[in-house]
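Note sheet for the following structure.
Excluded from the calculations below are hydrogen atoms, water molecules and symmetry mates; all remaining heavy atoms, backbone and side chain alike, are included.
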Amino acid sequence: MLGRLLLSRGYHSTKGVFGCRPRPTARYEGISAAVLAKRSANSNVYRWVEAYRTHGHRMAMIDPVKFQVEDPPLAKLPELDFTRYGLGATDRVDPTGLLTVPTPPEPVSLTELEQLLTRMYCGTSSIELGFIESEEEREWLAERYEQLFQHERPTTERRELAELMLKSQAFDHFLAVKFPTVKRYGGEGAESMMAFYWELFRCAANHELRNVVIGMPHRGKLNVLTTMFGTRPAKIFRKFKGHPEFPADAQAMCDIASHFHTAADVTVGGRTFHLNMLHNPSHLEAVNPVSMGKARAKQLAHGDGPYDASGGQRRSKVLNVQVHGDAAFPGQGINQECLMMATVPHFEVEGTVHLIVNNQVGFTTPAERGRSTRYVSDLAKSIMAPVVHVNADEPEMLAGVTNMAVEYRQRFGKDFFIDLNCFRRWGHNELDDPTMTNPLLYRVIRGRDSIPDRYAQRLIRDGVFDQQDVDAISKSHQNYLTAELQAHEQYEPERSYFGAQWSGLQQAGDEVTVWNTGVDYRLLSHIGRASVTLPEGFHVHPHLQKTHVDARLKRLGEGQRIDWATAEALAIGSLIYQGFNVRLSGEDVGRGTFSQRHAMLVDQETNEICIPLDKMAAGQPNAGRFEVANSILSEEAVLGFEYGMAIDSPNNLVLWEAQFGDFFNGAQIIIDTFLVSGETKWMLCNGLVMLLPHGYDGAASEHSSCRMERFLQMTDSRETTPDGDAVNLQVLNPSTPAQYFHALRRQMIRNFRKPLVVVAPKTLLRLSDCVSTHAEFAPGTHFQPVLGDPECSARIDPKRVRRVVLCSGKHYYTLQAERKARQVQDVALIRLESLCPFPVQAVRDELAKYANAREFVWSQEEHRNMGAWTFVQPRFENMCERRIQYRGRPEAATVAVGVSQWHVRQAEEVIKSTLY
C-alpha cells in the first residue's frame with residue numbers, strides 16, 4: 001500500500017505541519033520545470049490525480065451519523081474512474097511530481113495510487129480547492145493537506161486530546177444531573193471542537209500572535225470556557241443558581257450564561273497571547289462582524305501591516321476566529337456581508353479562521369431543508385476560501401487541519417473554513433425531544449457511542465490508555481466540578497470591566513455634567529485649512545475647488561458662517577490632535593450622501609485618493625489616526641464591525657453614517673442586541689456614533705425619517721424623574737454646526753462612553769441660516785441640551801408670549817421662517833437639542849422666561865405615532881408640571897405620503913396649526 005510505504009520508508013517528516021512552526025515563505029516562483037516535465041510525461045495520470053483533488057470530497061465519509069443512502073451511489077463517481085483517462089489497472093507509474101507528498105523511488109501500480117488517493121481525498125476528511133484561482137494557493141493547499149496523512153501524532157498529544165474531550169463530556173454529564181431543567185446548549189456530539197481550540201492555542205503561541213479574538217455561538221460554549229479558557233465553573237454554577245455575575249455596584253441587568261465572554265492571557269509553551277471570546281447574543285452569527293471589528297482595532301493598535309518586507313510573509317499578530325452553526329451560517333445573511341468585507345480596505349482583518357460546528361440539523365429542520373447547497377460551507381466559495389470537511393470522530397485530523405488553517409492564514413492572509421461534521425446528542429436544547437421531527441437521525445445518534453468514548457476506546461486499543469486512565473480522568477473532573485459547585489456561594493463576582501486600555505473610565509452617574517468642549521479658534525482655523533490642503537500637483541475636481549476648498553477657506557477666514565461639514569472636520573481634526581483615533585464608516589462617506597463632506601478627494605487625472613485630515617496628523621507627536629472607510633452596501637455587518645472597533649478602546653471615536661436615516665433598520669439586530677444593551681447586559685461600554693440623515697422634504701416613505709421614535713423607545717430614560725447621564729443611549733437632534741461639533745467632541749472628552757444617535761440633517765447641510773460663528777466653538781463653550789429663542793428680547797417681548805412651542809432639529813428653521821415672514825410676535829420657539837437624556841432643568845429654565853404663556857405645544861414634522869412626541873409628552877408633563885399639546889401630522893402607517901401635493905398641504909397645515 002502506497003500510504004503504508006510512505007510511513008515505513010521514512011517519508012514522514014512533520015516539521016511545520018503539526019508543530020505550528022512557520023514554514024519558509026519565499027516568494028512564489030511557479031512550479032519547477034522538473035515537476036512540470038513529470039506532469040507532462042504522465043499527463044493522463046496527473047489529470048486523474050487532479051480529479052481526486054477536485055471531486056474526491058463528494059465520496060468522502062465525513063458524516064458520523066449518516067442514515068441515508070445516496071442515489072446514485074457515490075462509489076460510481078465517473079470522474080474518479082482511471083479508465084476515463086485511458087489508464088489500465090495493470091499500469092505502473094512514477095508518482096514523483098504528481099503528488100506533493102514524498103513518494104517511493106520506484107513506480108507503483110495504479111491500484112496502490114488509487115488507494116492512497118481514496119484515503120486522502122475520500123476518507124473521513126476531504127478538501128475543496130478546485131474553485132481557487134491562484135495556482136500558488138492550490139499547490140500549497142494540496143501539499144499541506146497531503147502531508148497530514150504522513151504524520152503519526154505523539155502519544156502525549158493524543159492523551160491531551162482525549163483528556164480534553166472526556167472533561168467536556170464530564171461537564172455535560174455533571175450539569176445534566178445537577179441542573180436538569182437548565183438549557184445549557186452542551187457540546188455533546190461536538191466534543192471534537194476541543195481539538196480545534198487545543199491546536200489553535202498551540203498555533204497562536206508558535207506563530208507568536210499577540211491576540212486571538214473569537215466569536216462563538218451557544219453550543220459547547222460553557223464547555224470551552226470552563227475546560228480550556230480559564231473560566232471557573234463556580235461562576236457558571238452561581239449564574240445557574242440565579243445570582244448576578246457582576247459586583248453589586250455595577251449598573252447592570254446581566255445576561256444568561258450562554259452569552260458569557262472571557263478575556264485572559266494564555267500561555268502555551270512559554271509564549272503568551274491575549275484571548276478574547278466575545279459576548280454573544282442569541283441572534284445567531286451576529287457576533288461575527290463584531291469579532292472582525294475588534295480584531296482590526298487591535299491590529300491597528302499594534303501597528304500591524306499587511307505584509308512583511310521579506311518574502312511576502314503575513315505579519316499580523318492578531319487572529320480573528322469565527323465559530324458558526326450549520327443552519328445559521330448559510331441562513332443568516334450577515335455571513336455573506338462579512339465575507340464580502342474580507343478583503344475590502346479598512347475592513348480586512350488579514351484572514352479569518354472559520355469553524356462550522358455542523359450538527360446537521362437546525363433547531364428541528366433537517367439539513368436538506370435548511371439550505372439549497374451541498375455543503376453548509378458553500379458560501380465560502382464566494383471569496384475563494386479553501387474548505388476542509390472533517391468527520392467529528394477524527395479529532396486528530398481536526399487538529400491537523402486547524403494547524404493548516406492558521407498557517408494558510410499567516411501565509412496568504414485569507415479566510416479558511418473547517419466544516420466539522422458532528423451531531424447533537426440532544427435536541428436544540430437539553431429539554432427538547434428531537435425524535436419528534438428527526439426520528440431516523442436520532443435513532444442513529446442514540447445507537448452509537450459518544451465521540452470522547454469512541455476516541456478513548458481507540459487509544460485503549462493502541463495501548464495509549466487503559467480503561468482505568470479513562471475512568472480516572474472523568475472522575476477527577478467530576479470531583480473538581482463538585483468542589484466548584486460547593487464553592488459557588490463563596491464565589492466573588494469578578495470586576496472584569498474598566499481594566500487595561502479602559503482604565504480611568506467609569507459608568508455614567510445620575511447627575512448631568514457639563515463638559516467644556518470648546519477649542520481655541522486659531523487651532524481650529526489651522527485644522528480647517530489643513531482639511532482642504534492638498535499635495536502639490538493634485539488635480540481636484542473644478543467644482544469642488546470652488547464650492548468645497550475655496551468656500552471653506554473663505555468661511556474659516558471670516559469665522560462667521562461655519563457650515564455643518566466644516567464643523568465636523570474641525571471636531572474630527574481637533575480630536576486627532578488630542579490623540580484620539582477617529583474612524584468614519586458607511587456607504588460613500590468619503591464624499592457624503594449629499595456631496596457635503598469630501599473628507600476623501602480623488603485626483604481627477606490619476607484616480608489617487610487624498611484624505612487631508614489624515615495627512616495633517618502625520619508627524620505630530622501623540623496624534624491620533626483618521627480612517628475614512630467607504631463600506632460595502634451593508635448595514636448589519638458594517639455596523640457590527642464598527643461596534644467591535646468601538647468596544648476595543650475608549651480612544652476610538654467610531655462614526656457610522658447611514659446613507660439615509662431609515663437604512664439603519666438593516667442593522668436592527670446589531671442595534672438591539674449590542675449597541676443599546678451591551679453595557680447593561682455585559683458591562684461593555686462603547687461610544688459609537690450613528691449619523692442618521694433625517695428630514696421631510698417630499699422624498700416619500702423611504703429616506704424621510706430615521707425613525708427616532710424607535711431609538712427613544714429603546715432608551716432606559718425615565719418618565720417621572722429627571723435623567724442624568726446614566727441613560728443607555730443618547731439621542732440628539734442638533735440644529736447648528738457648533739452643536740454638532742460639541743456633541744462629537746463630548747463623546748471623547750467625558751470619562752465615560754455612551755452610544756450616540758445623531759438625527760442628522762439633509763437640507764440643513766446647505767441652508768444659509770444653519771451656520772455658526774467662531775465664538776460658538778471657543779474655549780468655555782459646550783453642547784447645550786436646549787437652545788432658547790434667539791428672538792426673545794430682541795424682536796419678541798417674553799411677557800407678550802402666549803404660546804411656547806417646543807421643537808427639534810430642522811423643523812425649527814421652517815417654523816422660524818414662517819414666524820418671521822408673518823411677523824408673529826406672541827409665539828416663542830424652544831429647541832430640544834437633546835431628546836435623551838431629556839433636559840428637564842434646561843427646559844424649566846427656558847419656560848421660566850415666559851411667565852404669561854398659557855399654551856405649550858410640541859410641534860414636529862413626523863406623524864403623531866412617530867417622531868419624539870410620545871417620548872416628550874409624558875416627560876414634559878410629569879417633570880415640568882404643564883400640559884402640552886400636539887401639532888404635527890396625524891397617525892399614519894408609513895413615514896410619509898408619496899404625492900408631492902399632499903406633502904406640501906400637510907407641511908403647511910403643521911406650520912399653521914403650530915403658529916396660529
Side-chain angles (χ1 to χ4, degrees), residues 200 204 209-217 221 229 259-266 273-281 283 285-304 316-324 334-335 337-339 341-342 344 346-355 409 415 496-502 505 580-583 585 625 627 629 631 634 636-656 667 669-671 673-675 677-679 681-689 753 755:
L200 181 73
L209 300 182
R210 295 173 180 166
N211 293 86
V212 175
V213 181
I214 302 175
M216 181 184 181
K221 187 175 188 180
F229 290 2
H259 296 175
F260 279 3
H261 91 305
T262 189
D265 288 334
V266 177
F273 62 91
H274 191 71
L275 170 70
N276 288 95
M277 174 179 275
L278 303 182
H279 295 282
N280 63 291
H283 288 72
E285 310 293 322
V287 73
N288 297 335
V290 179
S291 72
M292 294 173 68
K294 188 172 181 68
R296 177 166 176 82
K298 291 191 176 300
Q299 289 174 342
L300 294 175
H302 291 316
D304 278 3
S316 173
K317 298 300 183 182
V318 181
L319 173 64
N320 180 229
V321 177
Q322 295 176 24
V323 182
H324 310 279
I334 194 171
N335 289 313
E337 297 178 27
C338 287
L339 292 181
M341 292 194 301
V344 171
H346 304 288
F347 293 91
E348 66 170 343
V349 294
E350 301 188 24
T352 294
V353 173
H354 302 260
L355 174 69
R409 185 267 184 179
D415 290 43
S496 58
Y497 42 90
F498 299 134
Q501 64 266 38
W502 286 84
L505 276 290
F580 297 106
N581 303 315
V582 181
R583 175 180 167 93
S585 169
R625 177 184 59 248
E627 272 195 296
S631 74
S634 152
E636 186 178 8
V638 169
L639 186 60
F641 190 100
E642 306 310 326
Y643 175 81
M645 292 280 293
I647 62 174
D648 186 66
S649 172
N651 291 325
N652 294 336
L653 174 62
V654 180
L655 303 104
W656 176 76
I669 290 174
I670 300 297
I671 295 168
T673 62
F674 289 101
L675 190 71
S677 61
E679 181 177 351
K681 291 192 298 187
W682 308 320
M683 288 296 292
L684 198 61
C685 298
N686 80 92
L688 188 144
V689 179
R753 295 290 178 265

> Between H279 and H259, is there a donor-acceptor pair closer than 3.5 Å when you use the side chain of the first and the backbone of the second?
Replying inline: yes
>> Suppose we screen for ring-ring contact (aromatic ring centres under 6.0 Å, His included). Which residues come up paired with W656, at least two apart in sequence or across chains?
In response: none
> So do H324 and N335 actually touch side chain to side chain, heavy atoms under 4.5 Å?
Replying inline: yes
> Does M645 offer a backbone N or O that forms a donor-acceptor pair with the side chain of D648 under 3.5 Å?
Replying inline: no
> What closest approach, in Å, do G687 and L653 show between heavy atoms, and which atom pair accounts for it?
Replying inline: O-CD1, 4.2 Å
> Less than 4.5 Å apart, any side-chain heavy atom of Q322 and any of I214?
Replying inline: no
> Taking the six-membered ring for Trp, are Y643 and F674 parallel (under 30°), tilted (30 to 60°) or perpendicular (over 60°)?
Replying inline: tilted
> Rounded to the nearest 0.5 Å, what separation is found between the NZ atom of K221 and the OG1 atom of T262?
Replying inline: 9.5 Å
>> If we check side-chain hydrogen bond (donor to acceptor under 3.5 Å, both in side chains) with N211, which of these qualifies: H274, H302, Q299?
In response: H302
> Rounded to the nearest 0.5 Å, how far apart are CZ of F347 and SG of C338?
Replying inline: 11.0 Å
> Checking side-chain contact (heavy atoms from CB on, under 4.5 Å) for the pair V638/M341: CA distance, chi angles, key distance, verdict?
Replying inline: CA-CA 8 Å; V638 169; M341 292 194 301; 3.8 Å; yes
> Do V212 and F273 come close enough that some side-chain heavy atom pair is under 4.5 Å?
Replying inline: yes
>> So does C685 get a backbone contact from the side chain of R753, meaning a donor-acceptor N/O pair under 3.5 Å?
In response: no
>> Set out, in order, the CA-CA distance, both residues' side-chain angles and the distance that settles side-chain contact (heavy atoms from CB on, under 4.5 Å) for R409 and E350, then state yes or no.
In response: CA-CA 7 Å; R409 185 267 184 179; E350 301 188 24; 4.0 Å; yes
> Which is it for V654 and V689 under the side-chain contact (heavy atoms from CB on, under 4.5 Å) test, yes or no, and what are the steps along the way?
Replying inline: CA-CA 6 Å; V654 180; V689 179; over 6 Å; no
> At their closest point, which heavy atom of D415 faces which heavy atom of G351, and how far apart are they?
Replying inline: OD1-CA, 3.6 Å
>> Using the rule given for side-chain contact (heavy atoms from CB on, under 4.5 Å), can you reason through H261 versus N276, listing the C-alpha separation, both sets of side-chain angles and the distance that settles it, and then say yes or no?
In response: CA-CA 8 Å; H261 91 305; N276 288 95; 5.7 Å; no
>> To the closest 0.5 Å, what do you measure between CG (L684) and CD1 (I647)?
In response: 4.5 Å
>> For a side-chain hydrogen bond (donor to acceptor under 3.5 Å, both in side chains) check, start with the C-alpha distance between E642 and S585, then their side-chain angles and the critical distance, and finish with the verdict.
In response: CA-CA 8 Å; E642 306 310 326; S585 169; 2.8 Å; yes
>> I need the minimum non-hydrogen distance between N581 and N652, along with the two atoms involved.
In response: ND2-OD1, 3.1 Å
>> Counting C-beta onward and ignoring hydrogens, is there a side-chain heavy-atom pair between S496 and M683 closer than 4.5 Å?
In response: no
> Between atom CG of L339 and atom CG of N288, what is the distance when rounded to the nearest 0.5 Å?
Replying inline: 9.0 Å
> From I669 CD1 over to L675 CG, what is the distance, rounded to the nearest 0.5 angstrom?
Replying inline: 14.0 Å
> Given side chains that start at C-beta, do those of W502 and Y497 come closer than 4.5 Å, heavy atoms only?
Replying inline: no
> Are any of the side-chain heavy atoms of E636 and P289 separated by less than 4.5 Å?
Replying inline: no
> Got a sec, which residues hit side chain to side chain contact (heavy atoms under 4.5 Å, CB included) with A295, two or more places apart in sequence or on another chain?
Replying inline: V213, V318, N320, V349
> Minimum heavy-atom separation for S649 to Q501, with atom names?
Replying inline: CA-CG, 4.1 Å
> Taking all non-hydrogen atoms of both residues, which atom of A286 and which atom of I670 are closest, and how far apart?
Replying inline: O-CD1, 3.7 Å
>> Quick check on H346: does its NE2 atom have over 12 non-hydrogen neighbours (other residues, nucleotides or ligands) under 6.0 Å away?
In response: yes
>> Taking salt bridge (charged side-chain N to carboxylate O under 4.0 Å, His left out) as the definition, give me every residue that meets it alongside E627, ordered by chain and number, with sequence neighbours left out.
In response: R296, R583
>> Are the side chains of H283 and I334 in contact, using a 4.5 Å heavy-atom criterion?
In response: no
> Considering only heavy atoms from C-beta outward, does the side chain of F229 approach that of M277 to under 4.5 Å?
Replying inline: yes
> Can you name the closest pair of heavy atoms from L688 and A646 and give their distance?
Replying inline: CB-CB, 4.1 Å
